Amino acid sequence: MEGSQDKIHENHKVCDGAQIILRLLVVVASVIAAWLMLTAKQNIIIYDMSMAAKYSYVPAFKFEGFINIVGAVFGILSLSFNLVACRKSSNPSSNHFILFIHDLVIMSLLLGGSAAASAIGYVGKYGTEQAGWLPICDHFGKFCNRVTASVMLSFASTALFLCLTVISAINSRRIHV
């Protein structure tokens, strides 16, 4: 019986360590994604006319950038909550349920921001012939590359939050006797 208790305790340590690492990765990916998006701009001259592309011209890009900031901030808060409340609580499964709800909400927001930005990015890269929208990435390569990198990191943050959601759901279902 004692051997099974040691194994359960070891599994909890591995799970806690995985959560800490995943939350740190979420913070890093979200901060870099936000920085890339919020600094994406490029000016070019075509036929003696100056043209600019900025993230602030597209509401979906603003949403994705600011949602990544929210994801990073709440990643830090959930890491703190995980380190303090879940370890020192008499009923850790209720705290893990709070983390589950938190992770699910933030993951959903990040997914919405990433999807919106990738949809607009697709139009910017390939255009839409039926609507008469021409692609701009052949002219604004630096801008498009930054936006693409930001969207990829934002989707990575979403995937990491999905993993955290699953781990939190599993931890909240454990019965502690």
Side-chain angles (χ1 to χ4, degrees), residues 12-42 53-89 91-125 136-137 140-174:
H12 285 294
K13 282 185 177 181
V14 169
C15 194
D16 286 345
Q19 277 202 33
I20 290 169
I21 290 169
L22 287 173
R23 291 187 193 285
L24 288 172
L25 287 174
V26 159
V27 170
V28 169
S30 293
V31 165
I32 293 171
W35 176 75
L36 284 171
M37 183 60 77
L38 298 177
T39 59
K41 61 184 172 185
Q42 184 178 1
K54 294 182 182 178
Y55 86 94
S56 60
Y57 294 165
V58 183
F61 291 167
K62 288 194 283 189
F63 179 64
E64 192 260 352
F66 291 119
I67 284 300
N68 274 298
I69 292 172
V70 170
V73 168
F74 278 95
I76 292 168
L77 291 175
S78 67
L79 177 63
S80 303
F81 182 77
N82 192 18
L83 291 173
V84 175
C86 291
R87 292 174 188 237
K88 296 183 179 181
S89 174
N91 187 8
S93 62
S94 65
N95 289 335
H96 286 294
F97 183 73
I98 293 168
L99 280 175
F100 165 70
I101 296 297
H102 165 271
D103 294 339
L104 186 64
V105 168
I106 298 300
M107 182 202 66
S108 300
L109 288 172
L110 280 170
L111 182 61
S114 302
S118 63
I120 297 300
Y122 181 87
V123 172
K125 178 128 177 113
I136 66 159
C137 285
F140 294 97
K142 178 184 160 196
F143 173 78
C144 289
N145 290 338
R146 286 183 79 87
V147 168
T148 300
S150 174
V151 170
M152 289 172 57
L153 284 169
S154 187
F155 273 119
S157 296
T158 303
L160 291 169
F161 261 115
L162 176 63
C163 294
L164 286 167
T165 301
V166 170
I167 292 171
S168 297
I170 291 169
N171 284 340
S172 69
R173 296 283 299 161
R174 286 197 182 125

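Fair warning: this is a prediction, and the values are worked out from it, not measured in the lab. Numbering of residues begins at 1 and proceeds along the displayed sequence.
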K.L.:
List in chain and number order the residues that pass ring-ring contact (aromatic ring centres under 6.0 Å, His included) with Phe74, two or more places apart in sequence or in another chain; answer none if no residue qualifies.
P.N.:
His102
K.L.:
Please identify each residue that fulfils side-chain contact (heavy atoms from CB on, under 4.5 Å) with Lys41, with sequence neighbours left out.
P.N.:
Lys54
K.L.:
If I take atom OG1 from residue Thr158 and atom CG from residue Leu153, how far apart are they, to the nearest 0.5 angstrom?
P.N.:
10.5 Å
K.L.:
Could you walk me through whether Leu38 and Tyr55 pass side-chain contact (heavy atoms from CB on, under 4.5 Å), step by step?
P.N.:
CA-CA 6 Å; Leu38 298 177; Tyr55 86 94; 3.3 Å; yes
K.L.:
Ala53: what forms a side-chain contact (heavy atoms from CB on, under 4.5 Å) with it, not counting sequence neighbours?
P.N.:
Phe140, Phe143
K.L.:
With sequence neighbours excluded, what pairs up with Ser118 under the side-chain contact (heavy atoms from CB on, under 4.5 Å) test?
P.N.:
Val151, Phe155
K.L.:
What residues form a side chain to side chain donor-acceptor pair (under 3.5 Å) with Thr39, not counting sequence neighbours?
P.N.:
Arg146
K.L.:
Which side-chain N or O atoms in residues 63-70 pair as donor and acceptor under 3.5 Å with protein atoms at least two apart or in another chain?
P.N.:
unit_1 : atom_1 : unit_2 : atom_2 : d
Glu64  : OE1    : Ser150 : OG     : 3.1
Glu64  : OE2    : Asn68  : ND2    : 3.0
Glu64  : OE2    : Ser150 : OG     : 3.3
Glu64  : OE2    : Ser154 : OG     : 3.3
Asn68  : ND2    : Glu64  : O      : 2.9
Asn68  : ND2    : Ser154 : OG     : 3.3

K.L.:
Considering only heavy atoms from C-beta outward, does the side chain of Leu110 approach that of Ile106 to under 4.5 Å?
P.N.:
yes
K.L.:
With Ala60, which residues qualify under side-chain contact (heavy atoms from CB on, under 4.5 Å), at least two apart?
P.N.:
Val58, Ala116, Ile120
K.L.:
Throw together a table of side-chain donor-acceptor distances under 3.5 angstrom for residues 20-32, partners on residues two or more places apart or in other chains.
P.N.:
unit_1 : atom_1 : unit_2 : atom_2 : d
Arg23  : NH1    : Ser78  : OG     : 2.9
Arg23  : NH1    : Asp103 : OD1    : 3.0
Arg23  : NH2    : Gln19  : OE1    : 3.3
Arg23  : NH2    : Asp103 : OD2    : 3.0
Ser30  : OG     : Val26  : O      : 3.0
Ser30  : OG     : Ser157 : OG     : 3.1

K.L.:
Any pair with a residue in residues 149-165 that passes salt bridge (Lys or Arg N to Asp or Glu O under 4.0 Å), sequence neighbours left out, goes on the list, sorted by first then second residue, please.
P.N.:
none
